[in-house]
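Quick note: numbers below take in every heavy atom, side chains included, and nothing from hydrogens, waters or symmetry partners. Here, residue 1 is the first one in the sequence, and each next residue gets the next number.
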Amino acid sequence: MLDLLAFAPHPDDAELGVGGILALHAARGLQVGVVDLTAGEMGDNGDVAERAAEAAAAARALGLAARENLGLPDGRLAVTEEAVAAVVAALRRHRPRLVLAPWGEDPHPDHRAAAEIVAAALFKAGLRKYLPDLPPHRPARLLRYFINTEAVPSLIVDVSSVYDRKEAALAAHRSQFRRDPGRVPTPVNDPAFLRRIRARDARWGAMIGAEYGEGLLLGEPLALDGLDLLL
């Protein structure tokens, strides 16, 4: 059973958006995991085996208790029965209390599709007659995260103390973020790309008086007991 589970369209997306949040909660002794929907096989750089090894190295850097890949089609993610069933099965295997999923207004079509797939799966995961071989499970809450875009977040988490772990996890995805000899130049292996991610996280951190922060969106109103908001 996991406390926190992040779903990502491709290997490295969770690291970009919530690598610090994942590392922070793992460092606090919680059980944290990532489920990658695709293997990233359509990327210009890195094959499936290389990207899987990079994802495993990034998981170690973040201190994850679990990481798996559902093998859905990269570049063709859609809200299909196959995709929803695969995510439902993952939810029931890992039984997380909290789920993180991509922001639904991201310009990348796979990122938008991932947001919709997870939303559909969260509903169906609680239905006893859907995939009845696995006991139903509905997490307590869903939060949305930003991959390489941003909007005004509902929440900002101070990840300053573990930001080095986020950067180590991103560095593990060398095929994507390093413009080594023989690699195809892409927007994400331009050194400016990770600088923009760091600048975004620094800007969000500054908004809460911290060095680095990661932003999240609430999918629904957050219930508070009295003056908890001020504590």
Side-chain angles (χ1 to χ4, degrees), residues 2 4-23 26 32-78 80 82-83 86-87 89-91 93-94 99-103 106-115 117-118 121 145-149 163-198 201 214:
L2 295 178
L4 174 59
L5 178 61
F7 286 92
H10 312 101
D12 73 39
D13 284 336
E15 288 87 329
L16 287 167
V18 286
I21 289 171
L22 298 174
V32 178
V34 170
V35 171
D36 299 309
L37 301 190
T38 79
E41 67 272 14
M42 292 296 290
D44 289 326
N45 294 302
D47 58 24
V48 170
E50 184 176 13
R51 297 204 66 179
E54 291 172 346
R60 292 191 292 272
L62 296 175
L64 300 185
R67 186 165 201 164
E68 65 174 289
N69 195 298
L70 299 184
L72 297 174
D74 185 20
R76 293 177 287 125
L77 275 183
T80 63
E82 175 194 11
V87 173
L91 286 166
R93 281 194 302 275
H94 295 296
V99 167
L100 304 179
W103 180 42
D106 190 295
H108 193 305
D110 274 357
H111 298 180
R112 293 196 303 273
I117 292 166
V118 174
Y145 69 91
F146 306 96
I147 297 175
N148 55 356
T149 56
Y163 204 76
D164 58 334
R165 298 190 188 188
K166 172 171 180 162
E167 295 198 312
L170 290 170
H173 293 281
R174 187 181 181 108
S175 70
Q176 303 307 297
F177 301 131
R178 284 286 299 270
R179 192 169 287 186
D180 291 329
R183 299 289 189 191
V184 177
T186 69
V188 300
N189 66 23
D190 184 329
F193 176 78
L194 287 183
R195 289 200 297 267
R196 286 195 297 272
I197 296 297
R198 190 179 302 112
D201 296 347
E214 290 178 340

Those residues at least two apart in sequence (or on a different chain) that pass salt bridge (Lys or Arg N to Asp or Glu O under 4.0 Å) with R179 are none
In short, side-chain hydrogen bond (donor to acceptor under 3.5 Å, both in side chains) pairs touching residues 66-78 with sequence neighbours left out are H10-D74, E15-R67, D36-R67, E68-R93, E68-H94
Hits for salt bridge (Lys or Arg N to Asp or Glu O under 4.0 Å) against R198, two or more places apart or cross-chain, chain-then-number order -> E167
Applying side-chain hydrogen bond (donor to acceptor under 3.5 Å, both in side chains) to D106 and not counting sequence neighbours gives H111, T149
Residues passing the side chain to side chain contact (heavy atoms under 4.5 Å, CB included) test with A26, sequence neighbours excluded, are V32
Contacts of R60 meeting side-chain hydrogen bond (donor to acceptor under 3.5 Å, both in side chains) (sequence neighbours excluded), chain-then-number -> none
Sequence neighbours excluded, the answer for salt bridge (Lys or Arg N to Asp or Glu O under 4.0 Å) partners of E214 is K166
E50 meets the side chain to side chain contact (heavy atoms under 4.5 Å, CB included) criterion, sequence neighbours left out, with D47, E54, S175, R183
With sequence neighbours left out, the residues meeting side chain to side chain contact (heavy atoms under 4.5 Å, CB included) with A65 are L2, Q31
Sorted by chain and residue number, the salt bridge (Lys or Arg N to Asp or Glu O under 4.0 Å) partners of R174 (sequence neighbours excluded) come out as D180
Residues passing the ring pair (Phe, Tyr, Trp, His ring centres under 6.0 Å) test with Y145, sequence neighbours excluded, are none
Taken in chain and number order and not counting sequence neighbours, the residues that satisfy side chain to side chain contact (heavy atoms under 4.5 Å, CB included) with A121 are V84, V87, V88, L91
